[in-house]
2 protein chains.
Amino acid sequence: MFIQIEPTSDIPIYTQLANQIIELIARGQLKGGDALPSVRALASDLSVNMHTVNKSYHELVHKGIIRIVPKSGAIINPIVQEGITNENCHRIIEQLKPIIAEALVLGMSPEEIGQHASSILVDLKGE
Amino acid sequence: MFIQIEPTSDIPIYTQLANQIIELIARGQLKGGDALPSVRALASDLSVNMHTVNKSYHELVHKGIIRIVPKSGAIINPIVQEGITNENCHRIIEQLKPIIAEALVLGMSPEEIGQHASSILVDLKGE
DNA sequence: TAACTGTTCTATTATTAGTATAGCAGAACT
DNA sequence: AGTTCTGCTATACTAATAATAGAACAGTTA
């Protein structure tokens with residue numbers, strides 16, 4: 001688990017953690033069916049409170065990325081082959097829109113935006 | 001100023017406001033050199049506190065999108081032709097990465113991601 | 001049985017979000 | 001000149017969130 005938390009960041013710790021777990025899954029370094037470390041183990045590993053890790057896990061549950069089996073552990077859901085839910089798709093677009101608008105206003109061209117998005121995809125999936 | 005605030009949203013009001021102003025600029029409905037309404041006028045218009053609007057404006061200043069002339073008003077900076085700053089570019093990418101990773105994990109294909117990004121660009125710029 | 005698991009409860013501290021009121025000094029307009 | 005409007009500042013308050021902390025419960029697993 002190659003996770004690094006920056007306590008001084010303006011991004012909450014539980015968000016940093018959730019994002020990095022999502023990245024690891026996108027990269028294929030964590031796969032569907034894999035178990036995440038226990039909240040206590042990961043909290044100790046990251047020198048962070050148990051409740052903070054717990055909050056990250058539940059955010060991932062809320063996004064539909066993992067499932068938690070009480071008294072047992074957290075398990076990564078397989079990446080759905082049926083494609084993305086309409087609801088999730090809409091949520092992604094709503095998150096994307098303000099960032100793209102900001103990029104345009106700051107002088108980034110549409111071509112550059114597409115190019116950077118591709119770079120990120122290559123970085124994550126190797127495509 | 002076609003701005004609509006949802007007080008019950010989990011997104012802070014000052015963020016909603018800043019994002020919508022950015023969108024208006026990206027759409028060309030607000031142009032460089034245009035003056036934004038005074039903090040009091042907009043606050044009254046939106047039934048929101050003056051300080052909340054003030055915070056939005058200062059966030060836009062921090063992003064380099066508007067400039068505030070004390071005792072006078074807030075003016076939109078012209079969209080820079082020289083292209084985006086390296087610093088701003090890096091910030092945009094860091095915001096983009098976790099969203100794209102989440103989209104992948106939720107089953108959105110790279111092609112779909114590019115397609116949706118294009119749709120947003122068309123919606124904003126008409127390209 | 002014993003260690004480990006997620007869950008729940010209570011509590012505290014610090015920060016942020018939002019509202020509210022008031023006053024200041026410069027700019028703009030009449 | 002004087003009034004109004006402007007952004008700015010200061011203070012105060014409520015509510016919510018972020019993060020930590022310790023403890024206990026009950027089911028799982030070795």
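Proteins come first, then strands; the chains are lettered A, B, ... in the order of their sequence lines, and each starts at number 1. Please read these numbers as outputs of a predicted model, since none were measured by experiment.
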Rounded distance in Å - CG (A:Asn54) to P (D:dT20): 13 Å
Taking the side chain as every heavy atom from C-beta outward, state whether B:Val48 and B:Leu17 have any atom pair closer than 4.5 Å. no
To the nearest angstrom, how far is A:Gln16 atom CD from D:dT17 atom P? 20 Å
Checking contacts here: which listed nucleotide (C:dA20, D:dG7, D:dA18) is nearest the side-chain heavy atoms of B:Asn49? C:dA20
OP1 or OP2 of D:dA19 versus the side-chain N and O atoms of A:Thr52: is any pair under 4.0 Å? no
Rounded off to whole Å, could you give me the NZ-to-P distance for the A:Lys55 and C:dT7 pair? 15 Å
Euclidean distance, atom OH of residue A:Tyr14 to atom P of C:dT16 [Å, nearest integer]: 14 Å
Is a side-chain donor or acceptor of A:Asn77 paired with a backbone partner of A:Gly64 at a separation under 3.5 angstrom? yes
Atom pair distance, as rounded to whole Å: CD1 in B:Ile13 and C1' in D:dA16: 13 Å
Any donor-acceptor pair under 3.5 Å linking the side chain of B:Ser119 with the backbone of B:Gln115? yes
Check the distance between D:dA19's P and A:Asp10's CG and give it to me in whole angstrom. 11 Å
Just the rounded figure in Å: distance from P of D:dT20 to CG of A:Leu42. 12 Å
Between P on C:dG6 and CZ on A:Arg67, what's the gap in Å once rounded to a whole number? 14 Å
Any sub-3.5 Å donor-acceptor pair from A:Ser9's side-chain atoms to A:Ile11's backbone N or O? yes
At under 4.0 Å between heavy atoms, how does the protein contact nucleotides 23-30 of chain D? Give one character per nucleotide, 5' to 3', with B, S or -. BB-BSS--
Quick check: is A:Leu30 connected to A:Val61 through a chain of hydrophobic side chains (ILVMFWY, heavy atoms under 4.5 Å apart)? yes
Of the candidates D:dC8, C:dG6, C:dT19, the side chain of B:Ile68 sits closest to D:dC8
Output yes when a side-chain donor or acceptor of B:Glu59 lies under 3.5 Å from a complementary backbone atom of B:Tyr14, and no otherwise. no
Which pairs would a plain distance check flag for residues 90-110 of chain A, meaning a side-chain donor or acceptor within less than 3.5 Å of a matching protein atom at least two apart in sequence or in another chain?
| unit_1 | atom_1 | unit_2 | atom_2 | d |
| --- | --- | --- | --- | --- |
| A:Arg91 | NH1 | A:Asn88 | OD1 | 3.0 |
| A:Arg91 | NH2 | B:Glu102 | OE2 | 2.3 |
| A:Glu102 | OE1 | B:Lys63 | NZ | 3.1 |
| A:Glu102 | OE2 | B:Lys63 | NZ | 3.4 |
| A:Glu102 | OE2 | B:Arg91 | NH2 | 2.3 |
| A:Ser109 | OG | A:Glu111 | OE1 | 3.4 |
| A:Ser109 | OG | A:Glu112 | N | 3.1 |
| A:Ser109 | OG | A:Glu112 | OE1 | 3.3 |

